[in-house]
Amino acid sequence: MAIAFSIFSESMEKSRQKPHALLIAYPLQGHIIPAIHLATKLASNGFTVTFVNTEAIHHQTLRAQNNNNDDIFAGARASSLDIRYELVSDGLPVALDRSLNHDQFMAALLYVLSAHIEELVKKIMGSDNPITCIIADTFFVWPATVSKKFGIRYVSFWTETALVYSLYYHMHLLRLHGHFGSYDNREDTITYIPGVAEIEPTDLMSYLQETDTSSVVHQIIFKAFEEAKGADYVICNTVQELESETISALHVNKPFYAIGPIFPPSFNKRSRTSTSLWTESNCTQWLDSKPKGSILYISFGSYAHLSKKDLEEIACGVLNSKIGFIWVLRPDIVSSDDPEPLPKGFMEESRERGMVVPWCCQTEVLSHVSVGGFLTHCGWNSVLESIWSGVPMLCFPLLTDQFTNRKLVVHDWKVGIDLGGKGKADRMEVSKKIKCLMDGGEFKKEIIEVRRALENAISPNGSSVKNFDSFIGDLMSQCVQKS
Ligand code: UDP
C-alpha cells in the first residue's frame, strides 16, 4: 500500500496538467452505451480517458460490427480525442453465453473482476500517465476500496434515475419500516425516503419487491451501495429539472450531479464508436415507406427476458390491433434455448405491416418520422431516447428499475400508458392500449414539455452543462489539493 502511494504522488507530479480518468463500464448493454458516450464527452472536455471493457464484451462488439478493428475508439482517436482502450477478463471464458449462465456471470462480477481491475490500475499508476480518478459504474462492488488503496478519487457513475439511486441508497430505511427484507413486506405507501414524497411498493425496483434477498444480484446491490457511500462524487444520467427534490436530498450526503441525457453528438445517426452487442438491422428504408406516426416500435431491451406466455399475449394483441410495427426480438428474449418463440403463423399474418429484427439502431428508429409509439420495458436509456424523440410509451416493465421508471413515465410525467407488467399481459388489453397509444393526442402536450426539459438541460447554460462543468471543476481542485 505504501509503495502504491509513493508511485501515485510521484507520477501525479508528472501529469498535473491533464486529468486522466479510468472509466470502467458495467458489462451490460444498457450500461455500456452511456459509458461510451461519457468517455467521448470527457475527452471532448480535455480529459485523457482510459476506457475499460471486459474481453467478452469487446469480442461480442467486434463480432456484431463484423469489423477487424481491435479498438472501438479508433474512430474517436482519429478525431483527436485522447481515449485509450484496455481489456480485462471477467474471469469466465470469453465464449460462454452469459445470458444463459446469468448467476455464474453475476458471481464473476461479484467475486473475480475486481482482482483484474486492481492489476490494471496498478499497471497504469506505475506508468508515465497515471490516473487522476476512477469513474466506475455504481453497480460495481469494488471501486471505493480500490480507489482508496491507490489514493485516487472514485466517481460513481449512475446510469439510472436519481429516484432509483435514492431508493437503493436508503434500503436501510425500507428495511427498518418493513417495506423490504421480510417475508411479509408492508404494502402501504412509502413516505419517508428523503426527497421522495411518496412511492408505492409496487413501484420499487424488482429486487426490492422480492422477499428472498439471498440472490447473487442482491449481494451485488448491497455491496455496491456500501461502496457508493465511499464515492467522492456521483454523476447521474438524469436531468435536474425532472427530479429536483430527489437530487437535492441526495446532494446533502455527497456531491450528486445530474448530467444527462448523455447522448452521442448526433442522436439519430449510428455512432462512430461501436456500442451495440448485436448486429443492427437497417430499418430506415422500410420505415421510409410508412405514413407519419403510423408505426409502433417494440423492444424489451438487452437484458430482461419475457415469459413465453407474455410473449404470446403481446404478439396476439399486436396482431389484433392491426397497427404496423417494428419488433426487436432478441434471439434470447425467452431463453437462448428457444430462439424462435413467436406464436405459429405470426410472421405470415403480419408480413404486410410488420418487421421483426434481432436488433437495430434504436435511436435511428425512434427518431424516424413514421414511428408514433413505443411498446417498451422501460429501461432508462429507452425512456430517455423515447422522450427525446417525442414518442409516447406503452409500458411493460419486466425487471430491476423498469417498474420505478414506469411510475415516472405514467404517473409523474404522463407520457405513457401502463400495460401491467411481467406475467400480466392480456391480448385484449394489449390491442386496446396500442390503439389508444397510437391515437397519440393524449400525450402530445406532456411529451413536448418533458422533451423540452431534456433539451434545455443540455443546451448552453442548461443545468446538465453547468453540473458537468461544476463536477470537473470540483474534481480537479480536489485532485490538485491532494497531489
Ligand atoms: N438498443 C439498441 N437496439 C435495439 C434495442 C436497444 O440500440 O434493438 C439500445 C437502446 O437504444 C438503449 C439500450 O440498448 O440505449 C438499452 O438500454 P435500456 O436502459 O433501455 O434497457 P436495458 O437493455 O438496460 O434493459
Side-chain angles (χ1 to χ4, degrees), residues 25-38 57 60-61 64-65 72 98-99 102 105-106 137-139 157-161 164-165 205-207 217 236-238 260-264 266-271 273-284 286-287 295-306 325-333 355-368 371 374-389 391 393-406 408-409 416 421-422 454:
Y26 211 76
L28 294 173
Q29 179 74 88
H31 296 249
I32 292 165
I33 293 173
I36 287 178
H37 299 322
L38 177 64
I57 292 291
Q60 194 176 341
T61 310
Q65 313 317 316
I72 60 168
R98 283 155 174 77
S99 168
H102 178 263
F105 175 38
M106 289 293 132
D137 195 292
T138 311
F139 277 117
F157 178 37
W158 182 243
T159 62
E160 302 179 3
T161 62
V164 172
Y165 185 95
M205 297 77 84
S206 62
Y207 302 116
V217 176
C236 177
N237 191 12
T238 191
I262 305 170
F263 287 147
S266 54
F267 177 82
N268 58 354
K269 298 210 172 66
R270 283 155 204 248
S271 171
T273 308
S274 314
T275 56
S276 269
L277 297 182
W278 295 274
T279 306
E280 294 169 352
S281 301
N282 196 334
C283 307
T284 304
W286 188 86
L287 280 169
I295 299 298
L296 176 72
Y297 171 61
I298 310 171
S299 168
F300 300 98
S302 63
Y303 179 65
H305 297 279
L306 269 177
F325 64 90
I326 288 188
W327 190 339
V328 169
L329 207 65
R330 289 190 340 259
D332 70 338
I333 189 72
M355 185 177 187
V356 178
V357 295
W359 196 253
C360 69
C361 176
Q362 180 165 297
T363 49
E364 195 174 83
V365 169
L366 277 173
S367 50
H368 195 285
V371 173
F374 183 8
L375 169 45
T376 172
H377 69 313
C378 290
W380 181 234
N381 295 295
S382 293
V383 170
L384 285 174
E385 292 160 5
S386 202
I387 293 172
W388 186 259
S389 310
V391 173
M393 286 160 269
L394 185 52
C395 303
F396 193 76
L398 296 164
L399 194 70
T400 180
D401 62 330
Q402 296 150 22
F403 298 88
T404 322
N405 301 341
R406 169 186 58 186
L408 294 171
V409 169
K422 197 173 180 167
L454 262 57

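Atoms within a ligand are numbered from 1 in the order they appear, just like the ligands themselves. Note that this is a predicted model, so its numbers are computed, not measured.
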Task: Parallel, tilted or perpendicular: rings of W388 and F267 (30°, 60°) - done: tilted
Could you list, one pair per line, each nitrogen or oxygen of ligand 1 together with any protein nitrogen or oxygen closer than 3.5 Å, giving atom names and the distance rounded to 0.1 Å?
residue, atom, partner, partner atom, Å
ligand 1, 3 (N), W359, NE1, 3.3
ligand 1, 3 (N), C360, O, 2.6
ligand 1, 7 (O), C360, O, 3.4
ligand 1, 8 (O), C360, N, 2.9
ligand 1, 8 (O), C360, O, 3.4
ligand 1, 11 (O), Q362, NE2, 3.4
ligand 1, 11 (O), E385, OE1, 2.6
ligand 1, 11 (O), E385, OE2, 3.2
ligand 1, 15 (O), E385, OE2, 2.7
ligand 1, 17 (O), N381, ND2, 3.3
ligand 1, 19 (O), W380, N, 3.4
ligand 1, 19 (O), N381, N, 3.1
ligand 1, 19 (O), N381, ND2, 2.9
ligand 1, 20 (O), S382, N, 2.9
ligand 1, 20 (O), S382, OG, 2.5
ligand 1, 21 (O), H377, NE2, 3.0
ligand 1, 23 (O), S302, N, 2.7
ligand 1, 23 (O), S302, OG, 2.4
ligand 1, 25 (O), H377, NE2, 2.9

TODO: Measure across R330 and Y303 and return the closest heavy-atom pair with its distance rounded to 0.1 Å.
DONE: NH1-N, 3.4 Å
Task: Test item: W327 and F300 side chains (from C-beta on) under 4.5 Å apart, heavy atoms - done: yes
Task: Close side-chain approach of H305 to D332, heavy-atom, < 4.5 Å - done: yes
Open item on the list: Consider side-chain contact (heavy atoms from CB on, under 4.5 Å). Of S382, C378, C395, which one does Q402 pass it with?
Closed with: C378
Open item on the list: Parallel, tilted or perpendicular, judged at 30° and 60°: which one describes the rings of W158 and Y165?
Closed with: perpendicular
